[in-house]
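By convention in this document, chain letters (A, B, ...) are assigned in the order of the sequence lines, proteins followed by strands, and residues within each chain are numbered from 1.
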2 protein chains.
Amino acid sequence: MTTAIDILNSHNIRPSVQRIAILKYLLEHRIHPTVDDIYLALNPTMPTLSKTTVYNVLRNLVENGAVLALTIDEKNVRYDADTNSHAHFRCQCCGELYDIEQPTMALGNTTGFEIENVHVYYWGKCPKCVQIRNKE
Amino acid sequence: MTTAIDILNSHNIRPSVQRIAILKYLLEHRIHPTVDDIYLALNPTMPTLSKTTVYNVLRNLVENGAVLALTIDEKNVRYDADTNSHAHFRCQCCGELYDIEQPTMALGNTTGFEIENVHVYYWGKCPKCVQIRNKE
DNA sequence: TTTCATTTTTGTAATGATTACACTTTTAAT
DNA sequence: ATTAAAAGTGTAATCATTACAAAAATGAAA
């Protein structure tokens, strides 16, 4: 099992208390939290934590490829510690954000472009909301 | 050629002067503009136009499927009048946003999910920026 | 272990996109 | 022409994010 410290080290990010806490939270809560989610979750046990630090740390983690920033939610950026290839699904009923298997893709003509990164975002109804609708 | 009015009518949106102007601008300027881009472009010839109206009209267009909202840019939502299936590429050097051919995708296991919409976002270097880097 | 430079964190203030809201104007049907 | 509904407008509020300067922590050198 890879710990937060290992991940920080392997991305050349010095493992400060705050960085460890934030990455640890992301690793243990795969809910694609927003900055606010993270701040509110950690604040009780780290009262001195500043929201600016959460922003700073996350920018650092994203820039160094340790964490993904998801822009599927128009309001807030969401963060994901799972950097393996996978897609995301956002339910238009309940707003929930799910991990979903990455489709196998045959790229079209992308001549001249150097592609470094792909994000696939789905929108629709999640299983829970489909069921609720069918019961009505 | 489909006009702005045709598109509005076919999506059951009443064709007001402002709606026509905004959709026409989107149809004729395939640059994925932001709200501000659109407002600044139209303001000279429509001095009474309000930015709130631009927001309202775009929300209406998106909700009725006449226009796409792109969240590839973390700062602003960008709008696209091309609702045909295509992907988007954002250059990490110059920030430019390109249309790009939609990959042919074989969906993985999405049992239970009702998928209504897919967006594929690419990041990397655009041909211009690749060239510039190679010349250095 | 003291010193000092560098990095990191912190809190407050600013920014900037978006929305709320109340009022005015336009539209379309009678 | 009258009138009710829809659409547009301008200002003020909201809220995520960033800027910035001061404080704290870190780590290397003496």
Please work out whether the ring planes of A/Y25 and A/H29 are parallel, tilted or perpendicular, with thresholds of 30° and 60°.
-> parallel
Between B/T48 and D/dG8, does any side-chain N or O lie under 4.0 Å from OP1 or OP2?
-> no
Hey, which of these two, B/R59 or B/P15, hits DNA chain C nearer its 5' end, going by closest nucleotide?
-> B/R59
Please state whether the base of D/dT11 and the side chain of B/T52 form at least one donor-acceptor pair under 3.5 Å?
-> yes
Using whole Å, report how far CG of B/L58 lies from P of D/dG8.
-> 12 Å
Could you give the CZ-to-C1' distance, from A/R19 to C/dT10, as a whole number of Å?
-> 14 Å
Nearest-Å distance for atom pair CG/P, residues A/N76 and D/dT18 | 12 Å
In whole angstrom, what separates A/I20's CD1 from C/dT9's C1'?
-> 14 Å
So what does A/T34 touch, heavy atoms closer than 4.0 Å: a base, only the sugar-phosphate, or nothing?
-> nothing
Nearest-angstrom distance from the residue atom CZ of B/R78 to P of C/dT18 = 11 Å
Salt-bridge test for B/E96 and B/R90: reply yes if a basic N is under 4.0 Å from a carboxylate O, no otherwise.
-> no
For DNA chain C, whose closest nucleotide is more 5', that of B/R14 or that of B/V35?
-> B/V35
Examine D/dA25: is either OP1 or OP2 under 4.0 Å from a nitrogen or oxygen in the side chain of A/Q18? Give yes or no.
-> no
What about A/S16, does its side chain sit under 3.5 Å from the base of D/dT26 through a donor-acceptor pair?
-> no
Can you check whether B/Y55 has a side-chain N or O nearer than 4.0 Å to OP1 or OP2 of C/dT19?
-> no
In whole Å, what is the span from the CD1 atom of B/I38 to the P atom of D/dG8?
-> 14 Å
Determine the contact category for B/V17: base if any of its heavy atoms lies under 4.0 Å from a base atom, sugar-phosphate if only primed atoms, P, OP1 or OP2 are that close, otherwise nothing.
-> nothing
Between B/Y122 and B/Y98, does the ring centroid distance fall short of 6.0 Å?
-> no
Determine, using ring centers only, whether B/H119 and A/H119 are less than 6.0 Å apart.
-> no
Toward the 5' end of DNA chain D, which comes first, B/E74 or B/V57, by nearest nucleotide?
-> B/V57
Nucleotide of C/dT19, D/dT17, C/dT10 approaching A/V77 most closely (side-chain heavy atoms) | D/dT17
B/T34 vs B/D37, side chain to side chain donor-acceptor pair (under 3.5 Å): CA-CA, chis, key distance, verdict = CA-CA 5 Å; B/T34 64; B/D37 293 335; 3.2 Å; yes
Please report, rounded to the nearest Å, how far the P atom of C/dT27 is from the CD1 atom of B/I13.
-> 17 Å
With a 4.0 Å cut-off on heavy atoms, is A/K75 in touch with a base, just the backbone sugar-phosphate, or nothing at all?
-> sugar-phosphate
Please work out if B/N56 contacts a base, only the sugar-phosphate, or nothing of the nucleic acid, heavy-atom cut-off 4.0 Å.
-> base
Linking I/L/V/M/F/W/Y whenever their side-chain heavy atoms sit closer than 4.5 Å, directly or via other members, would A/Y121 and B/M105 fall into one cluster?
-> no
Please report, rounded to the nearest Å, how far the P atom of D/dA24 is from the CG atom of A/L49.
-> 16 Å
